[in-house]
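Comments concern the structure below.
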Amino acid sequence: MRSQDGYVQGRGNVDIQQGIDEFHSNYVEGNTKTKMYYIPGPAVWIQGETALDGSGITYDGNTHSGKVEKIAGFIAANVYIRGTDGELADGNGYMKHGLITTPHAVAETPDYYLTGDDIHIYPGVKFTSENTTLWFKHIRILTYGHYEGNLDSQHKTNTTLFSLLPRPRYTSDDGFGIYGGATLPLNAEETFQFQFKYAIYTKGGFQPTALFIRDTSIGRFTLGYSTEESTQSTDRVWAKKFPELTYYMPRITFGRTGIYMDNSASWGRWSEDGVATGVHKDFQTEISHTPLPLWKQANIRFFAGYRKDTYGTDDSIVRDPYTGVVLNQGINERVWTSWWYTKHNMSGVTPYRFDTIDHPRQKGVSIGYKMTPLDTFILTFDKDLDTDQVADRDFTWVRDMHSFVATITWESVSRSWDFQLVAKDFF
């Protein structure tokens with residue numbers, strides 16, 4: 001160190017701290033008066049939630065900013081970057097050329113990632129990229145010009161191209177297939193969006209969804225075309241809804257009680273194989289609460305609701321007041337259980353199989369066992385309380401696959417298989 005001009009050089013385990021910035025390297029040279037420092041070799045740069053590995057770093061302590069020849073690491077908890085000719089200033093990042101991916105996909109060649117030029121990253125807000133390309137390992141999926149992705153971890157919709165990646169699925173009814181989707185903002189505030197989802201099956205065919213979404217102070221509105229698969233019918237049935245307008249009222253909370261109410265309504269035209277196309281209208285309200293702790297590793301949640309469906313094909317009306325309860329109990333680090341009971345007091349008959357509830361009054365239990373850090377086995381039993389028969393007896397294997405989770409289910413009552421691959425960091 002030279003006191004007359006401020007020159008400083010450090011070798012070995014060198015640590016520098018300047019405000020919120022920390023540097024750790026084996027060699028540093030710079031000037032304590034000008035607060036300019038240069039780190040030619042490998043170094044770690046920490047700034048708040050940002051933790052980067054880099055080389056060829058030029059740092060300006062006056063502005064808490066710097067330039068990096070090669071850069072890699074997390075610029076926020078949910079964003080991993082790697083590239084060249086980078087800059088960091090005011091918590092924001094820039095790369096002339098580089099890639100972006102999510103935490104669970106990080107590898108020498110990430111499972112999926114975006115590459116681009118002139119990449120600007122604003123942690124917790126958004127990122128922009130030019131000449132953007134979406135990759136799955138070494139496979140180029142698509143190329144996009146200027147792209148802007150959302151980085152708000154509190155945002156309820158997914159607006160990154162990662163969700164377009166085709167993920168495999170297999171069911172005995174629909175056959176082998178792939179699915180994916182994305183939500184794209186149509187204005188700067190992201191209160192107006194376009195959502196696209198797709199599913200392609202060897203037996204079930206092409207099942208797309210295209211919706212316009214508008215968020216307002218009085219709730220969310222969606223309008224468009226959708227194909228949906230039945231969830232409470234023993235048969236897997238697809239229904240087409242076009243056009244359909246749906247309204248979701250903002251959740252009503254009752255002070256600090258933990259009790260809340262959700263409401264929704266829709267109007268549209270439904271079609272299903274073997275059933276005439278007709279107008280469908282529905283209204284639904286449900287009241288529930290945050291789970292109540294009972295004892296160690298146990299909680300319970302009650303819910304009650306009412307739904308009314310009106311069908312134009314045969315002028316039928318279905319009314320469904322319903323109640324239920326879910327009890328969760330953890331046994332130890334490897335074993336957990338869940339019990340539930342639901343009762344639908346339905347009047348009227350729907351003309352569609354799509355929204356038929358085959359077991360309106362049932363109880364069930366699931367038992368999960370974590371066999372290894374990557375494998376979990378789940379047994380699920382449902383009993384129809386009207387017929388006193390076992391409605392479902394399912395055996396599920398869940399496998400952690402780095403950035404994805406695979407589930408394979410054998411439904412022994414219907415004697416069918418279901419396989420699905422779900423991403424950890426996007427829908």
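In this text the structure is predicted, and so the values were computed from the model without any measurement.
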message: ring pair (Phe, Tyr, Trp, His ring centres under 6.0 Å) for Tyr112 and Phe404? Distances and angles first, verdict last.
response: CA-CA 11 Å; Tyr112 52 81; Phe404 295 91; 5.8 Å; yes
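- Taking OG1 from Thr350 and CG from Asp320, the interatomic distance works out to 11.5 Å, rounded to the nearest 0.5 Å.
- Listed for the Thr216 side chain is a donor-acceptor partner under 3.5 Å among the backbone atoms of Ile218.
- Considering all non-hydrogen atoms of both residues, Pro110 and Arg82 come closest at CD-NH1, 4.4 Å.
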task: Could you check Phe221 against Ile213 for side chain to side chain contact (heavy atoms under 4.5 Å, CB included), going step by step and ending with a plain yes or no?
output: CA-CA 6 Å; Phe221 296 85; Ile213 302 171; over 6 Å; no
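- Heavy-atom neighbours of Arg415 CZ from other residues, nucleotides or ligands within 6.0 Å: at or below the threshold of 12.
- The side chain to side chain contact (heavy atoms under 4.5 Å, CB included) test with Arg169 is passed by exactly one of Asp418, Asp174, Val422: Asp418.
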- request: Before giving the answer on side chain to side chain contact (heavy atoms under 4.5 Å, CB included), spell out for Leu421 and Met401 the whole-Å C-alpha distance, their side-chain angles and the decisive distance to 0.1 Å.
  value: CA-CA 9 Å; Leu421 197 64; Met401 302 179 66; 3.9 Å; yes
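- Paired with His280 under the rule ring-ring contact (aromatic ring centres under 6.0 Å, His included), one option of Trp270, Phe354, Tyr352 passes, and it is Trp270.
- Lys296 contributes no side-chain N or O that, together with a main-chain N or O of Ile331, makes up a donor-acceptor pair within less than 3.5 Å.
- In this structure, Trp135 and Tyr113 have parallel ring planes: the angle between them is below the 30° cut-off, well short of the 60° mark.
- Side chain of Thr257 to backbone of Ile259: a donor-acceptor contact under 3.5 angstrom is found.
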CA sep, side-chain torsions, deciding dist, call: Asp358, Arg353, salt bridge (charged side-chain N to carboxylate O under 4.0 Å, His left out): CA-CA 9 Å; Asp358 284 334; Arg353 285 293 297 156; 3.2 Å; yes
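- Checked by atom type and distance alone, the side chain of Asn187 pairs as donor or acceptor with a backbone atom of Phe192 at under 3.5 Å.
- Between the side chains of His64 and Tyr59, at least one donor N or O sits under 3.5 Å from an acceptor N or O.
- No salt bridge links Asp375 with Lys370; every basic N to acidic carboxylate O contact stays at or beyond 4.0 Å.
- Between Pro208 and Tyr225, the shortest heavy-atom distance links the atoms O-CE2, 3.5 Å.
- By the 30° and 60° cut-offs, the orientation of the rings of Phe381 relative to Phe395 is perpendicular.
- A donor-acceptor pair under 3.5 Å is absent between the side-chain atoms of Asp90 and the main chain of Asn92, judged by distance alone.
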Atom pairs and distances, side-chain donor-acceptor, residues 37-58, under 3.5 Å, sequence neighbours left out:
residue: Trp45; atom: NE1; partner: Asp21; partner atom: OD1; Å: 3.2
residue: Gln47; atom: NE2; partner: Asp21; partner atom: OD1; Å: 2.5
residue: Thr50; atom: OG1; partner: Ile75; partner atom: O; Å: 2.9

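- Once rounded to the nearest 0.5 Å, the distance linking CG of Leu223 with CZ of Arg214 reads 13.5 Å.
- At a threshold of 4.5 Å between non-hydrogen side-chain atoms, the residues Leu374 and Arg399 count as touching.
- Counting only residues at least two apart or in different chains, side-chain hydrogen bond (donor to acceptor under 3.5 Å, both in side chains) contacts with residues 333-343 comprise Asn328-Ser338.
- In terms of heavy atoms, Ile178 sits closest to Pro166 at CD1-CB, 3.9 Å.
- In terms of modelled atom types and a separation under 3.5 Å, the side chain of Thr323 and the main chain of Ala304 share no donor-acceptor contact.
- In this structure, a donor-acceptor pair under 3.5 Å is present between the side chains of Thr396 and Thr409.
- Residues Asp400 and Lys424 are paired through a salt bridge, judged by an N-O separation under 4.0 Å between the basic side chain and the carboxylate.
- Between the side chain of Thr246 and the backbone N or O of Ser266, no donor-acceptor pair lies under 3.5 Å.
- In the model, Tyr144 has no side-chain atom that pairs as donor or acceptor with a side-chain atom of Ser129 under 3.5 Å.
- The minimum heavy-atom distance linking Gly219 with Pro250 is given by the pair CA-CD, 3.5 Å.
- Residues Thr277 and Arg269 bring no donor and acceptor atom of their side chains to less than 3.5 Å of each other.
- Ring to ring, Phe212 and Phe194 are close: their centroids are under 6.0 angstrom apart.
- Heavy-atom minimum distance, Val106 versus Tyr80: CG2-CG, 3.6 Å.
- When ring centroids are compared, Tyr170 and Phe176 come within the 6.0 Å threshold.
- Between the side chains of Asp215 and Thr191, no donor-acceptor pair is found at a separation under 3.5 Å.
- Annotation: the span from His289 atom NE2 to Phe303 atom CZ amounts to 10.0 Å, rounded to 0.5 Å.
- Judged by distance alone, the side chain of Glu286 and the main-chain N or O of Tyr306 form no donor-acceptor pair under 3.5 Å.
- Between the CG atom of Asn131 and the NE2 atom of His97 there is a distance of 9.5 Å, given to the nearest 0.5 Å.
- Among residues two or more places apart in sequence or in another chain, the side chain to side chain donor-acceptor pair (under 3.5 Å) test is passed with Tyr27 by Gln9, Glu29.
- Using a 30° and 60° split on the angle between ring planes, His120 and Tyr122 fall in the parallel class, below 30°.
- Ring orientation note: the planes of Trp238 and Tyr201 are tilted relative to one another, at an angle of 30° to 60°.
- No side-chain heavy atom of Gln207 sits less than 4.5 Å from a side-chain heavy atom of Tyr198.
- His359 places no side-chain N or O within 3.5 Å of a backbone atom of Lys383 that could act as its donor or acceptor partner.
- Lys203 places a side-chain N or O within donor-acceptor distance of the main-chain N or O of Ser172, the cut-off being under 3.5 Å.
- Rounded to the nearest 0.5 Å, atoms CG (Asp384) and CD (Gln362) are 7.0 Å apart.
- Between the side chains of Thr285 and Asn263, a donor-acceptor pair is found at a separation under 3.5 Å.
- Put simply, the residue from Trp417, Phe377, Trp397 that forms a ring-ring contact (aromatic ring centres under 6.0 Å, His included) with Trp410 is Trp417.
- Once rounded to the nearest 0.5 Å, the distance linking OG of Ser264 with CG of Asp282 reads 6.0 Å.
- The two residues Tyr94 and Ile121 have their closest heavy-atom pair at N-CD1, 4.4 Å.
- Using a 4.0 Å cut-off between a side-chain N of Lys or Arg and a carboxylate O of Asp or Glu, Glu411 and Arg236 qualify as a salt bridge.
- At a cut-off of 3.5 Å, with distance as the only test, a side-chain donor of Arg301 or Ser288 sits close to an acceptor on the other residue.
- A donor-acceptor contact under 3.5 angstrom links the side chains of Asp60 and Asn62, judged on distance only.
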- request: Could you walk me through whether Ser233 and Thr356 pass the side-chain hydrogen bond (donor to acceptor under 3.5 Å, both in side chains) test, one step at a time?
  value: CA-CA 6 Å; Ser233 169; Thr356 296; 5.7 Å; no
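- Checking Asp111 against His402 by side-chain atom types alone, a donor-acceptor pair falls below 3.5 Å.
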